[in-house]
Each structure stands twice: as structure tokens, then as C-alpha cells.
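Counting starts at 1 for both ligands and their atoms, in listed order. Nothing here was measured: the structure is a model prediction, and the numbers come from that model.
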Amino acid sequence: MNLILFILAAILIIGGLYYWLVVVTEGVFLGRRVVVWLYDITAHKYDRIKEFDAEAEQFFVIRPLLRQLRHIPAPRILDVATGTGRLPWFLLHEPSFHGRVIGLDASAGMLREAAQKLRPFHHRASLVQQTADHLPFPAHTFDAVTCLEALEFFPSDIQALQEMVRVLRPGGILMVTRRCGREAKTFLHHHHSPTQFEAILTRLGLTNIQTRPWQLDYDLVIATRPAI
Ligand SMILES: C[S@@+](CC[C@H](N)C(=O)[O-])C[C@H]1O[C@@H](n2cnc3c(N)ncnc32)[C@H](O)[C@@H]1O
């Protein structure tokens, strides 16, 4: 009897740990290579799982971003952790967008999916395989930097945010997501309350910080790098 209870307890503990480490936090406590490997092996089904709704994407993400950039005829946008190219794809379908977009991601598998989708827009979209902690661009390059549903999976979200601010030109726009909802606190130090997150952005020199509820698991946060 004791042995059966012991085995049941062990199964529960191992199963719970697996669920937390792999399913909920997607490998972030096992290191960057594990996170990227998990995305590599699931890239082919990512879009099917996410079922993005074109109208919702345009309404909540693309148009608010373009409203902030309306005074720039052809904005240059960097999408960090672009995955299968969600943001570039919806951005390039918006007739009022005449700019260019670069999608950066660490996962070759996710970028392969993105490359297929973005092929019709190859003259205005490019993809780069790189991690978010060292962005391979000079300072002040982009009119906007975006990063959707990814900060909590980086080894250091603060280092990645520093890099995003570095490559943003003065007056440029940062659009990122903050993990919220039921599972957010299980990310431990990778989780920030709205106040903490806004304080991080303020320390990085950003202003006009607006946090907007977006999805069950994510707030959308928009901020400006002040003009010099
Ligand atoms: C949940 S997906 C989000 C993808 C896309 N932004 C979207 O909203 O559909 C997270 C992405 O972050 C990428 N990623 C994880 N860690 C990374 C890192 N350290 N540097 C760059 N990309 C990373 C993964 O490969 C994956 O494509």
C-alpha cells in the first residue's frame, strides 16, 4: 500500500513539474536552448493552435501601432520574436502601411514558417535569426519596435528591452506585451505587475506608457522613446 502511494505521489510530482516546466512556462527555467528547441519542434502547428483572427489583429494591434506612426510615410519596423511572422503578416496586409518590416527570432523552425507566409511581400519584409539580447542593428534604426507574447520566455526580459530601446530612434514607438492572467505568476521573476512593468520602461527612459487589456494572458503596452 505504502509503495503504491509513493509511486502515485512520484507520478503526480513529476507530472506537475513537467507541466509547469514544459507546457506552462515553455522551457524558460530550463534555458534558452530548450525554449528555442520547443518552438523549433512545434513551429509547423503554431498558427493552427493560435487561430489568429484577422479583424482582431487589425483592430487591437496593427491600427493602434500605425496610428502612432501616422506622421511617417514609410516606417521601419522591427518585430522581435516574430515567430511565424504574425505581426509582419497582418501589418503588410494593411493598405495604409507603406513601410518595411524585419522579423527577428531565435528559432529556425518558426522563421521557416514565417518565410513561407511572407514570400509575397519579400521586397518589404526580411527575417533574421538571432536572440533578442543582442540585436544586430545600430542604435536609432527603427521607427517602431514590437515584441508580442515573448518577453516572459527570454532569459532576461530587461536586457532584451534595453536592446529594443537602443535600436529605436528618438521619438520611436515600442509595442510589447506583458504576461497576465491565471498562469502569469508561475513565471516567478519573469512576471511583473502592471506597475512594476511600467516602472521598468520608465527606467529605460520611455514615456507616454499606456497599458491596455488585450487578451486573457496578455496586456498590450505602448510607450515612446522621447525625441532628443
Ligand atoms: C509565443 S511565440 C510569439 C511569436 C509571435 N510574436 C506571435 O505573437 O505569434 C514566442 C517566440 O519567441 C521566440 N523566442 C524565444 N526566446 C527567444 C530569444 N531569446 N530570442 C529571440 N526569440 C526568442 C520563440 O522562438 C517564439 O517564436
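Ligand 1 lies nowhere less than 4.0 angstrom from a heavy atom belonging to Lys50.
Contact atoms of ligand 1 toward Met110: 27 (O) (distance under 4.0 Å to a heavy atom of the residue). Short contacts between ligand 1 and Tyr46, defined as distances under 4.0 Å to a heavy atom of the residue, involve ligand atoms 1 (C), 2 (S), 3 (C), 4 (C), 7 (C), 9 (O). Which parts of ligand 1 touch Gly83 is read off a 4.0 Å heavy-atom cut-off, strictly below it: atoms 4 (C), 27 (O). Applying the 4.0 Å criterion to heavy atoms of Glu149 picks out, from ligand 1, the atoms 1 (C), 2 (S), 3 (C), 10 (C). Each of the following atoms of ligand 1 lies closer than 4.0 Å to a heavy atom of Phe52: 9 (O).
The backbone N or O of Leu151 lies less than 3.5 Å from no partner atom in the side chain of Asp157, so there is not a single donor-acceptor pair.
For the side-chain contact (heavy atoms from CB on, under 4.5 Å) test, residues two or more places apart in sequence or in another chain that qualify with Gln130 are Leu104, Val128, Pro136. Every residue two or more places apart in sequence or in another chain was checked for a side chain to side chain donor-acceptor pair (under 3.5 Å) with Lys185, and none qualifies.
With a heavy-atom cut-off of 4.0 Å, Leu87 does not touch ligand 1 at all. Contacts between Val35 and ligand 1, counted as non-hydrogen atom pairs separated by less than 4.0 Å, involve the side chain only. Only the backbone of Gln130 comes within 4.0 Å of ligand 1, counting heavy atoms alone; no side-chain atom from C-beta on gets that close.
Polar contact with ligand 1: present for Ala81 (N/O pair, distance under 3.5 Å). The distance criterion of under 3.5 Å between nitrogen or oxygen atoms is not met by Thr131 with respect to ligand 1. Geometrically, ligand 1 and Arg86 share a nitrogen or oxygen pair separated by less than 3.5 Å.
Side-chain contact between Thr82 and Leu111: present, with at least one pair of heavy atoms (C-beta onward) separated by less than 4.5 Å.
Taking atom 19 (N) of ligand 1 as the reference point, the nearest protein heavy-atom neighbour is Arg32 CD, 3.5 Å. For atom 11 (C) of ligand 1, the nearest non-hydrogen atom of the protein is Asp105 OD2, 3.8 Å. The protein heavy-atom contact nearest to atom 22 (N) of ligand 1 is Ala106 N, 3.3 Å.
Using a 4.0 Å cut-off between charged nitrogen and carboxylate oxygen, Glu149 and Arg179 do not count as a salt-bridge pair.
A donor-acceptor pair shorter than 3.5 Å cannot be found between the side chains of Asp219 and Thr211. Under 3.5 Å, the side chains of Gln210 and Arg212 contain a donor-acceptor pair of N or O atoms.
In the hydrophobic clustering of this structure, Phe197 does not group with Leu220; members are Ile, Leu, Val, Met, Phe, Trp, Tyr whose side-chain heavy atoms approach within less than 4.5 Å, directly or through other members.
Ring centroid separation for the pair His190 and Phe29 comes in under the 6.0 Å cut-off. Taking the ring centroids of His93 and Phe121, they lie under the 6.0 Å cut-off.
Of the candidates Gly109, Ala132, Gly103, it is Ala132 that places a heavy atom closest to atom 20 (N) of ligand 1. Taking each of Tyr218, Phe154, Trp37, Phe153 in turn, the one with a heavy atom nearest to atom 23 (C) of ligand 1 proves to be Phe154.
Crowding of Glu55 atom CD: a count of heavy atoms from other residues, nucleotides or ligands under 6.0 Å not exceeding 12.
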